[in-house]
Q: 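This is the structure I want to talk about, given as structure tokens.
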Amino acid sequence: MVSYKVTVYTGDLAHFSTFHDFCITLVGTDGESNPTKLTTWIPSFKLNPFTHKVECTTPLGELLAIIVQKEHHLVFPNGSWFVAKVVVESPMGDIYQFPIYRWITDCKDHYFQEGSGWFTLSTLQRKNTLTLWDHPKDGLPYSIKAESYSSLPLDASFSYTKEIEMFFTKEKALVELKLTEWVDHKMKWTNIEDIRRLHCCHRTEISEYVYQNWKEDSFFGYQFLNGVNPMMIQRCVTLPENFQVTDEMVFKDGKQSLTDEMKKGNIFLCDYKMLDGVKANIIDGKQQYLAAPLVLLHKTDDKLMPIAIQLKQIPAEDNPVFFPTDSEWDWLLAKTFVKNADFNMHELSSHLLRTHLLAEVFTVALLRQIPMMHPLYKVLLIISWNVFTQSFSCLTLFASSGGEGMFTILRKALSSMTYRSLCLPDDISDRGLEDVPNFFYRDDGLKLWDVIHSFVKGTLQYYYQSDQMVQEDQALQKWIGDIYSYGFLSEKNTGIPKRFDTVGELVKFVTMVIFTCSAQHSAVNAGQYDFIGWMPNCPATLERPPPSKKGEATEKTLLDTLPSSDITVQSMAAVWLLSKESTDSFLGNYPEQRFIEDVPLKNIKVFKEQLNELSLQIKARNKALELAYTYLDPEVVENSVSV
């Protein structure tokens with residue numbers, strides 16, 4: 001007889017487990033053990049780890065897998081058991097590690113491969129048949145088939161810490177912001193300072209700066225680079241035919257021309273054409289309004305200054321072009337319609353679609369097609385779900401694009417989204433923004449992209465030592481196939497690959513997935529209360545149509561256009577919830593020790609060191625800035641999409 005020492009690491013308070021008996025079978029190259037019952041009368045979270053012996057008549061050779069079966073418990077028949085990892089020491093002293101990190105909820109056999117044997121044990125690579133796709137609406141990405149968050153598989157749920165944070169509801173947010181008494185007041189504003197009373201209840205350093213500077217043209221331009229939606233601006237090389245702006249209109253001194261300034265790379269455009277024709281929301285029986293503006297900006301003295309705004313796509317007599325030389329209220333009203341359009345494009349396209357919905361696609365495909373011991377599964381510890389629903393649903397109820405308009409925008413955004421636009425270096429190049437000064441989203445984002453790419457490349461090249469290995473990995477090919485079919489609806493124009501042919505293609509795509517679910521989400525999410533908390537800077541909805549004439553706007557016109565007090569406080573509560581920083585896990589943290597080989601473990605160590613160095617660089621840079629840009633500091637970037 002020979003004896004194998006089996007050590008089981010199980011759940012802690014964050015992954016609560018109860019009393020369980022279970023059987024374990026060791027599978028080796030020379031045979032397998034008999035199922036051995038392992039028993040403990042102490043709750044597993046109290047006895048962690050615990051060790052047992054498995055006796056065999058002969059050595060099993062090199063261990064390839066274990067088979068675990070939870071036995072039915074009379075007291076806790078529906079109890080779930082969280083297994084972190086199992087370590088087996090052979091009679092010869094060899095150590096075999098089985099990283100598991102999953103809940104076992106039934107009494108069936110569960111197969112787990114040895115941590116380094118991902119490419120050799122194809123017979124045990126079992127696809128997750130319980131994770132199914134659900135197609136909610138035509139023209140939108142598929143999602144996981146689940147009736148509610150609570151019905152998700154336990155392995156797809158958040159950690160205990162995150163789950164507690166998830167229950168921080170809108171009502172509690174209103175209490176935290178001291179705005180509860182305002183919810184039922186449906187009054188219109190009589191002056192701007194009345195809105196200040198709401199904002200004073202909860203201010204951040206940046207939201208206070210926004211309040212002080214929201215009317216300034218330079219700050220209006222700054223936000224297209226470093227606000228919550230840096231995705232709209234692009235260099236303008238030719239004026240759109242529907243934006244009939246002349247030199248005389250924007251350069252009164254006659255010393256400059258649009259043609260020359262475009263050649264120098266000094267003219268920029270934000271075009272909200274995707275909002276054209278979108279049916280605006282109706283709130284409490286009152287029609288809301290949503291413009292589809294074009295904005296022209298001029299780089300001068302290292303600042304982006306707005307020089308022309310057209311609020312509708314089709315030129316017409318009742319669609320004037322507004323300029324900084326117009327009256328104060330005409331110009332401010334025009335900028336307000338732009339900011340409302342930007343809010344709706346940000347929440348639906350830049351935030352919901354391009355981070356949350358894509359993260360869900362990447363993750364469902366991963367759970368369906370990739371075995372747990374596969375290196376891709378280990379690298380992509382970004383198991384994230386579209387739990388954006390609670391806060392986002394509240395927000396869209398009070399947005400110009402709520403209701404039918406929301407789905408129109410999402411469909412348009414998905415049909416126009418490209419692979420290159422998801423890869424930051426390509427996106428910055430395609431939009432002609434390589435040399436724009438004071439573009440901190442770009443600066444920090446490109447550095448973060450490079451750090452992630454270096455980690456992904458070093459790790460995946462260790463496992464895939466040739467392009468042929470990538471081509472022959474069927475699980476990998478099924479994963480990208482799922483993403484192409486269910487996430488991008490098999491649209492060739494997106495440029496999303498249908499399969500991987502080279503290691504380089506795989507590395508770039510996985511870098512994009514990690515960047516999208518961590519850094520990009522932080523860039524478009526973390527600053528929401530900072531920039532939207534002061535409502536006039538970025539109103540969720542507007543209650544009057546875009547102006548059709550100049551010279552008629554007054555302060556009262558602006559106040560009548562802004563949302564009423566009840567909608568304002570609901571929007572503030574929603575963006576405050578969405579902006580809440582997690583206390584869970586940040587980029588570079590791999591709390592579940594799935595890797596066991598020296599090379600990936602070393603890569604993780606270097607990854608963390610590089611992230612820390614970048615964080616120090618960003619902090620040092622921010623000390624010299626009037627307004628710090630913190631949203632891509634690795635210290636605050638979560639490792640997954642969460643809220």
Q: Measuring only between side-chain heavy atoms, which start at C-beta, is Pro437 closer than 4.5 Å to Lys299?
A: yes
Q: Looking at CD1 of Ile233 and CG of Asp271, how far apart are the two atoms once the value is rounded to the nearest 0.5 Å?
A: 12.5 Å
Q: Between His351 and His521 (side chain of the first, backbone of the second, donor and acceptor by atom type, cut-off under 3.5 Å), is there such a pair?
A: no
Q: For Gly481, is there any backbone N or O sitting under 3.5 Å from a side-chain donor or acceptor partner on Ser485?
A: yes
Q: Could you check whether the rings of Phe455 and Phe607 sit parallel, tilted or perpendicular, using 30° and 60° as the cut-offs?
A: parallel
Q: Write down the atom of Pro634, the atom of Phe586, and the distance for their closest heavy-atom approach.
A: O-CB, 4.4 Å
Q: Between Ser518 and Asn639, do the side chains contain an N or O donor and an N or O acceptor separated by less than 3.5 Å?
A: no
Q: Nearest 0.5 Å please: distance from the OG atom of Ser615 over to the CD atom of Gln610.
A: 13.5 Å
Q: Is it the case that the side chain of Lys378 and the backbone of Phe595 share a donor-acceptor pair, with hydrogens and angles ignored and the cut-off at 3.5 Å?
A: no
Q: Determine whether a donor-acceptor pair (N or O, by modelled atom type, separation under 3.5 Å) exists between the side chain of Ser421 and the backbone of Thr418.
A: yes
Q: For a 4.5 angstrom cut-off between non-hydrogen side-chain atoms, does His374 reach Leu380?
A: no
Q: I need the minimum non-hydrogen distance between Met512 and Leu422, along with the two atoms involved.
A: CG-O, 3.4 Å
Q: Nearest 0.5 Å please: distance from the CG atom of Asn589 over to the NZ atom of Lys608.
A: 5.5 Å
Q: If you draw a 6.0 Å radius around NZ in Lys605, do more than 12 non-hydrogen atoms from other residues or ligands fall strictly inside?
A: no
Q: Counting only N and O atoms by type, is there a donor-acceptor contact under 3.5 Å from the side chain of Thr494 to the main-chain atoms of Glu491?
A: yes
Q: Indicate the ring-plane relationship of Tyr222 and Phe531, choosing parallel, tilted or perpendicular according to the 30° and 60° boundaries.
A: parallel
Q: How would you list, by chain and number, every residue that makes a ring-ring contact (aromatic ring centres under 6.0 Å, His included) with Tyr419, sequence neighbours excluded?
A: Phe509
Q: Taking only residues two or more places apart in sequence or in another chain, which ones pass salt bridge (Lys or Arg N to Asp or Glu O under 4.0 Å) with Glu208?
A: Arg196, Arg203
Q: Begin with the C-alpha distance, continue with both residues' side-chain angles, and end with the deciding distance and a verdict on salt bridge (charged side-chain N to carboxylate O under 4.0 Å, His left out) for Lys447 and Asp443.
A: CA-CA 7 Å; Lys447 291 175 183 176; Asp443 298 342; over 6 Å; no
Q: Just how far is it from atom CD of Gln520 to atom CZ of Arg354, taken to the nearest 0.5 Å?
A: 7.0 Å
Q: Give a yes or no on this: more than 12 heavy atoms of other residues, nucleotides or ligands lie within 6.0 Å of atom NZ of Lys457.
A: no
Q: Between Trp479 and Phe362, is there a donor-acceptor pair closer than 3.5 Å when you use the side chain of the first and the backbone of the second?
A: yes
Q: Could you pull out the closest heavy-atom pair between Gly139 and Leu414, with the gap in Å?
A: O-CD2, 3.3 Å
Q: Centre-to-centre under 6.0 Å for Tyr631 and Tyr441, is that the case here?
A: no
Q: Do you know the tightest heavy-atom contact between Val278 and Thr408?
A: CG2-CG2, 4.1 Å
Q: Can you say whether the rings of Tyr486 and Trp133 are parallel (under 30°), tilted (30 to 60°) or perpendicular (over 60°)?
A: parallel
Q: Will you find, in the side chains of Asn525 and Gln528, an N or O donor that is under 3.5 Å from an N or O acceptor?
A: yes
Q: Taking the side chain from Arg235 and the backbone from Gly432, do they hold a donor-acceptor pair closer than 3.5 Å?
A: yes
Q: With the side chain counted from C-beta on, respond yes when Asp482 and Leu366 share a heavy-atom pair under 4.5 Å apart, and no when they do not.
A: no
Q: Are the side chain of Ser416 and the backbone N or O of Ala413 linked by a donor-acceptor pair below 3.5 Å?
A: yes
Q: For the residue pair Thr630 and Ile618, establish whether any side-chain heavy-atom pair is separated by less than 4.5 Å.
A: no
Q: I would like to know whether Ser207 and Asp530 meet side-chain hydrogen bond (donor to acceptor under 3.5 Å, both in side chains); could you show each step before the answer?
A: CA-CA 4 Å; Ser207 74; Asp530 286 341; 5.3 Å; no
Q: For a ring-ring contact (aromatic ring centres under 6.0 Å, His included) with Trp534, tell me which candidate from Tyr211, Tyr529, Phe219 qualifies.
A: Tyr211
Q: Distance check, rounded to the nearest 0.5 Å: Ile309 atom CD1 versus Leu294 atom CG?
A: 10.5 Å
Q: Without swapping roles, check the side chain of Arg442 against the backbone of Leu433 for a donor-acceptor pair under 3.5 Å.
A: yes
Q: Checking side-chain hydrogen bond (donor to acceptor under 3.5 Å, both in side chains) for the pair Tyr209/Glu626: CA distance, chi angles, key distance, verdict?
A: CA-CA 9 Å; Tyr209 183 94; Glu626 180 181 2; 3.3 Å; yes
Q: List the residues meeting ring-ring contact (aromatic ring centres under 6.0 Å, His included) with Tyr272, not counting sequence neighbours, and say none if there are none.
A: none
Q: Identify the heavy atoms of Ile604 and Gly588 that sit nearest to each other, and give their distance.
A: CG2-O, 4.4 Å
Q: Shortest non-hydrogen contact from Arg594 to Pro99?
A: O-CG, 3.2 Å
Q: For Phe440 and Leu625, run side-chain contact (heavy atoms from CB on, under 4.5 Å): C-alpha distance rounded to whole Å, both residues' side-chain angles, the deciding distance at 0.1 Å, then the answer.
A: CA-CA 11 Å; Phe440 308 120; Leu625 297 179; 3.6 Å; yes
Q: Between OG of Ser401 and CZ of Phe343, what distance do you get to the nearest 0.5 Å?
A: 7.5 Å
Q: Taking atom types as modelled, find out whether Asn537 and Gln223 have a side-chain donor-acceptor pair closer than 3.5 angstrom.
A: yes
Q: Got Leu446 and Pro425 here, is their nearest side-chain heavy-atom distance under 4.5 Å?
A: yes
Q: Report the C-alpha separation of Gln288 and Thr541 in whole Å, then their side-chain angles, then the decisive distance to 0.1 Å, and conclude whether the side-chain hydrogen bond (donor to acceptor under 3.5 Å, both in side chains) test is met.
A: CA-CA 7 Å; Gln288 307 297 298; Thr541 190; 2.8 Å; yes
Q: Verify whether one side chain among Tyr142 and Glu360 offers a donor that lies under 3.5 Å from an acceptor in the other.
A: no
Q: Can you tell me which residue among Gln617, Arg621, Lys619 is in a side chain to side chain donor-acceptor pair (under 3.5 Å) with Asp633?
A: Lys619
Q: Using side-chain hydrogen bond (donor to acceptor under 3.5 Å, both in side chains), reason through Ser143 and Asp134 one step at a time and then give a plain yes or no.
A: CA-CA 5 Å; Ser143 58; Asp134 187 21; 4.7 Å; no
Q: For side-chain contact (heavy atoms from CB on, under 4.5 Å), just list the numbers for Val524 and His346, CA-CA rounded to whole Å, side-chain angles, deciding distance to a tenth of an Å, and then say yes or no.
A: CA-CA 8 Å; Val524 300; His346 161 255; 4.0 Å; yes
Q: Ignoring hydrogens and angles, tell me if any N or O in the side chain of Arg420 forms a donor-acceptor pair with the backbone of Gly495 under 3.5 Å.
A: no
Q: Using 4.0 Å as the upper bound for N to carboxylate O, is an ion pair formed by Lys508 and Asp426?
A: yes
Q: Taking the side chain as every heavy atom from C-beta outward, state whether Glu434 and Ser429 have any pair of such atoms under 4.5 Å apart.
A: yes
Q: Decide yes or no for Pro539 and Thr336: does some side-chain heavy atom of the first lie under 4.5 Å from some side-chain heavy atom of the second?
A: yes
Q: Should Pro293 and Phe337 count as side-chain neighbours, where that means a heavy-atom distance under 4.5 Å?
A: no
